[in-house]
Structures are given as C-alpha cells and as structure tokens.
A.B. asks: 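Pasting a structure here, questions to come.
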Amino acid sequence: MSRLPVMSSKRVLACSSAENAQDLAPAQKRLRKDADLVKPAATVIGTKRPALAATRAPLCVIKQSVASAAAKGGNMKQPVVSTGTKTGGTQKRNPWDLKGKVSDMEDKVRNYQMKVKTLNQENEVLQDSVSQSQRKMVQVEKELQIQRSQIGEYERKLQVLAGVQDELEKVLSDKNFLQKELTNLEGKYKVMETLRDSQETELQTLKMKLSVQESTLARVQANLRDSEEEVRSLKETVAQQKDEIYAGEMERRRLHNTIQELKGNIRVFCRVRPLVGGGLPKHIQLATSDNKAITLAKTEESHTGKTADTQKNYNFSFDRVFGPRTSQQEVFEEISLLVQSALDGYNVCCFAYGQTGSGKTYTMEGDEFDETRGVIPRAVQQIFKAAGKLGEQGWEFTFTASFVEIYNETLRDLLYTGKSSKRPEHEIRKTASNEVTITNLTYERVINEDQVLGLIALANQNRSTAQTAQNDRSSRSHSVFQLDIEGVNAGRDVKCKSTLCLVDGWQRDDRHQGDRFKEMTAINGSLSNLGIVIAALANKESYVPYRNSKLTYLLQGCLGGNSKTLMFVNIAPEPDSFGETLNSLRFASKVSAVLFPVFTGRVH
Ligand code: ADP
Ligand code: MG
C-alpha cells in the first residue's frame, strides 16, 4: 500500500511565522505558493481516497476569503481614489504637497494593514485547515492501521479458510467415497433382503415339512413298536429256522458226498482239443448216444496190396468225454460239484494229463476272457462266492494258497519273489497231525478272487523264467496249485479243513516217446507211480507207495480216504499225435479199470 505524502505541520507553522515578518505582497505570493504546495497533496489524496476531498473545502474557503479581502482592500483604496485632488488616482503629487503625500502614505499603510489583517485571517483559516487536515491524516492513518490489521486479520482468516477449503475438499471426497460405499451397501442390503426373504420362505416350507415329518415320525414310532414286537417273534422263528438250515446243510453235505462217492471218488474225464482249423479228425469218433465213449480208429494199409485195408478201432469209455466244441463252462459244471465238496471239508484233487499242446493249461487256467477262463479261476470264484453264503450261516473261512512246480523230482516255489540266487531248497514233510507241508514254501493268505488270480499270474511269470533257461521244462514239469480251506462255525462249535489241489502239466514220461503201441507197463515215472498209488487205493491195499514220487507224496492227502480225485486226459486231435493219444487213453482207461473192475471189459 502506497504511503500518502504528508506535509509536516512544523513546516507549515514555520512558513506562517515567516510570512508574518515579511511585507504583505511577498506574504501573499508565498501564501499562493504554499497553497500550491498543499494542492498536489490534496490531489493525490483525492485520487486515492475520495474521503479526503473534504480537505479541499478549506482551500476554497481560503480563496474566497482572499478574494473578499481583496475586495475589501479595493474599498479601502476608494478614499485614495476619491481624494480627487489628483485625478486619475495615479496622479503625482506635487513636491510640495506633503500633506497629500502623507495622506497617500497613510492610505497605503491602512491599505497594507487591511491586507495584513486579511492575510492573517487567511493564515488562521489555513492553519485551521492544516491542523484539521493533520488531524484527519492521523485519523486516516489510524484507520489505515486498523484496516491493515484488519487486512492481516483477513489474510489469516483467508489462510484459515484455505485450510478449511482443503478440509472441505477432503470431506467432500470422503463424502463421495462414503456415498459410493453407501450405495454399495444399499445394493448388498437389498441382496441380503432378498436372500432373507427366500430363506424365510424356505424356513416356512421346512417348518411345514418338519411338522409333517413329526407326525410321520409319531406314526413310524408307533409302527416301530409294533415291528419290534414282530421282530422279537421273528427272531425266535429265525433261530429255529437257523437250526433247521444247519441241519439241512449238514444233510446236504452228507447227501452231496454220497452222490460224489456214488459217482466215484476218483473220476476220469477225457477232453478232445479242437483242430486248429476247427472240426473233428476222422481217426477220433465220439459216440452220439452218450458222452462217455470215444473211439480211436486206425486204418492199416494192406502190405501185399491184395487184401483190403483193415481198420482197427480202439474203444474207450470214461466218466465223461468232452468233444472239441465243449465250452469251458460245460467242463467246469462237472467239476463244480467237487469244488462244493472241497468247501464241505473233503480234499479234492484235479489233474490234467496229456501230451504237450493237448490243452492241459487251457483246461486248468484257460485264457483271461470270461468264457475262456479255466478250471482254477472258476473254482476260486465259486469257493469265495460259496464261502460268502456260508458266512450267513455262521461259517468263517480262511484260505491259504501255494503254487509249487515239480521238475525232475525237485520242488520249486512258484510264488517266490526273492533273489533267484537265494532260492531256498524245499522238502516235503509230514506234520504231527499227519498233514503234508513243504519247507520254505510261500503259503499266502488270500481273501478274494483277485488276489488268487494275482498269484496265478506270478506263478506263470516264475514258470516262464525257468522255461527260458530250460527249453523242454514245461513239457516235463507239473505245477501244483493248492488252496487250503479252513472253516469254523463258532456258533455250532464245528470246524472243517480241506485242500483243493489243481495239477497242470502232468506229462507222461518222455522216455517212451517212441514206444507208441507198447503196453501200459511201459509207462513209469510220475505217471506210473500215480497209477500204482491209485490202484493200491482202489484195492484198499494196506501199503500205498506214495513216497515213490514227489507228486504222489505231495498229493497223498488228496488221494486217499474220502478225497475226491478227478483226472482229465487231454487229447490232441492231429493225426500225427495218434500214438501219444492212444497211450494217454490207455493209461486213463487203466486207471478207470482199476476203479471199476467190473467194467474192465470196456478197455480194448
Ligand atoms: P498244453 O498245456 O497241454 O501243452 P495248451 O493248453 O497250452 O496245451 O493248449 C495248446 C493250444 O491249444 C493253446 O493255444 C490253447 O489255447 C489251445 N487249446 C487247447 N484246448 C483248447 C480248446 N478246448 N478250445 C480251444 N483252444 C484250445
Ligand atoms: Mg501247458
């Protein structure tokens, strides 16, 4: 803010005192000059502050008073002019007119005195005006001070307001944020409201359902009480019927065994493998009337050419003859009765005998597909199924599987999984309770069919490893699968124990390959030993030479007493297998004849 040029009052006073001491004329000039000095100040003030224009008023007053004083002075001159002796006013007095001159001088003095008086008056007026102005200036300065402080105040307030503005902006943004959040929350609230509404409806529905169910429950509880009463009486009936069932089961076992014994504890079945291309060759004839006879026909050409060719027939009959079209299922149906016997506590042994490629493994193990599965997987399936059913009658079964190979009178564990270099040696031993066991053999506890199938796969793997090492091994070895079955009926305090024994690869002795048409006596080794053992058993001889071969020694538990034995003789249909086939059939027939001496005539 510009500062106003303020004239010092001292200077004004000094001027006025000096003027008093001087002539009127110079005093007048100076007065004008002083007035001029004051004027610009007044102009400056006037431009900036219209309020100060009032200070100019005294100046106008001064001019007016000067003018009036001048007018008065004029009046004072009037006498001088009217002294008429000197016409025209400026008329020069005569040197002698001293009186006139004095009067002129006196006029002049009066005139001057008047002027002085006027000037003094003017001066006073001016001084008044100056002091007035000074007072005003002081006042103005005070006001200025006040206004400055006010401005300072305003600036502070402005700063405060700026802060307030910032805060306001912050508050505004907060407000916007909160507004958005509010909208958001309102949206959520609406959703929650809808949810609440739907849940309330649901609750209502559930309440209704609950009340319905409560009444149902009450009804059911009433029914339950009735049922409990009924159950009590039914339980009594069940206990009674269980006794009857048990008695029935025991009766069934007895009858089943009688039937099996009537059928023969040792049975011989013959199975003819189909030709690779299908059909049946001319040299094998199956009886159409029954399924027990098979004829092997041989045409002998006339050596001389003069006589007609002669045909020689070899007729055999067995417990059952299966033709090449017989399915695995049909074959198993015959065996399944024996499998039932195994569960009933009788030892069962099933052999497959025949030349290589005649279908022994196919009969015993078969292929992996359902219809082509062989005797072992089917028997295992039947056993686990039947054991499950007997469980309902209080029977609990444990099954133990083992798989052993007999090759050159040496035993080999087919379930062995350790290092081949550490394979242990095995011996057949008899326990105190007259049971046959093999030392160091793997006896695996099994609880389901799949586990047994896994063991069969492991055995096959073990067998094929051994076969790679010795080429003709499979045609000279027998593999014996044994499933020990132990059943306990704790409620009835009864137990049963049996073994199901399935033998594959039981091969006639190779030393007699060439002796096609020789008598049965030519067959020895394991096969003849088995024949001898079976014969001794059939004749109820006191001594049965089980120990003569590892096979008969191992199977002795399954061969004697009320054990069931089934022998499959597998036949290869190719004409060049004629000799082997005849030998196989003759051996089987001999076994049959031993068992049924009455029908020895069947063997030709
Ligand atoms: P083995 O064990 O007596 O040496 P296999 O059981 O291995 O003989 O049978 C030789 C071949 O003949 C196998 O390929 C087998 O699948 C087949 N085979 C055997 N018997 C039958 C049959 N009844 N029906 C169809 N194929 C058979
Ligand atoms: Mg085989």
Side-chain angles (χ1 to χ4, degrees), residues 268-281 284 286 291 294 318 320-335 350-379 403-408 412 414 455-481 501-510 512-513 523 525-527 530 551 566-585 587-588:
V268 182
F269 290 173
C270 174
R271 187 177 192 184
V272 185
R273 199 201 75 202
L275 277 167
V276 177
L280 191 68
I284 296 175
L286 301 176
N291 45 24
I294 178 170
F318 300 105
R320 184 80 201 256
V321 176
F322 297 109
R325 287 192 201 89
T326 317
S327 68
Q328 296 280 66
Q329 172 60 30
E330 280 173 84
V331 171
F332 182 70
E333 270 163 24
E334 282 291 325
I335 302 156
C350 180
F351 300 95
Y353 156 70
Q355 72 178 102
T356 305
S358 59
K360 299 182 295 292
T361 306
Y362 184 83
T363 301
M364 297 310 281
E365 290 178 23
D367 292 336
E368 58 196 282
F369 304 107
D370 248 15
E371 319 91 73
T372 51
R373 290 193 315 156
V375 169
I376 299 180
R378 284 172 196 266
F403 223 136
V404 69
E405 181 192 53
I406 303 171
Y407 174 71
N408 271 351
R412 205 174 113 94
L414 287 179
L455 294 182
I456 292 170
L458 173 64
N460 281 336
Q461 210 180 320
N462 257 322
R463 214 160 24 188
S464 64
T465 322
Q467 200 178 334
T468 321
Q470 286 152 301
N471 231 356
D472 58 346
R473 191 183 182 98
S474 80
S475 60
R476 289 161 175 266
S477 66
H478 326 284
S479 58
V480 183
F481 169 78
C501 195
L502 306 162
V503 187
D504 171 29
W506 192 56
Q507 185 64 30
R508 80 172 195 72
D509 202 277
D510 282 345
H512 308 283
Q513 284 274 348
I523 300 168
S526 297
L527 178 57
L530 183 73
L551 185 73
L566 176 70
M567 189 165 83
F568 267 102
V569 54
N570 288 90
I571 302 292
E574 285 77 22
D576 59 3
S577 294
F578 187 95
E580 294 278 4
T581 304
L582 187 62
N583 267 341
S584 298
L585 290 175
F587 172 75

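Numbering starts at 1 and runs along the sequence shown. Just so you know, ligand 1 is whichever comes first in the structure, and atom 1 is the first atom listed for that ligand.
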A.B. asks: Hey, could you give me each pair passing salt bridge (Lys or Arg N to Asp or Glu O under 4.0 Å) that has a residue in residues 320-329? Not counting sequence neighbours.
C.D. replies: R320-E334
A.B. asks: List the residues meeting salt bridge (charged side-chain N to carboxylate O under 4.0 Å, His left out) with E333, not counting sequence neighbours, and say none if there are none.
C.D. replies: none
A.B. asks: Which heavy atom of S577 sits nearest to which heavy atom of Q355, and what is that distance?
C.D. replies: CB-OE1, 3.2 Å
A.B. asks: Apply the test side chain to side chain contact (heavy atoms under 4.5 Å, CB included) to residues I335 and F568: give CA-CA distance (whole Å), side-chain angles for both, the deciding distance (0.1 Å), then the verdict.
C.D. replies: CA-CA 11 Å; I335 302 156; F568 267 102; 3.4 Å; yes
A.B. asks: Please determine if the Mg ion (ligand 2) has an N/O/S atom from T361 lying under 2.8 Å away.
C.D. replies: yes
A.B. asks: For R373, which residues count as a salt bridge (charged side-chain N to carboxylate O under 4.0 Å, His left out) partner, sequence neighbours excluded?
C.D. replies: D370, E449
A.B. asks: Whether the side chain of K360 engages the backbone of F351 through a donor-acceptor N/O pair (distance < 3.5 Å, no angle test) should be reported.
C.D. replies: no
A.B. asks: So which residues, sorted by chain and number, lie with a heavy atom under 4.0 Å of ligand 1?
C.D. replies: R271, R273, P274, Q355, T356, G357, S358, G359, K360, T361, Y362
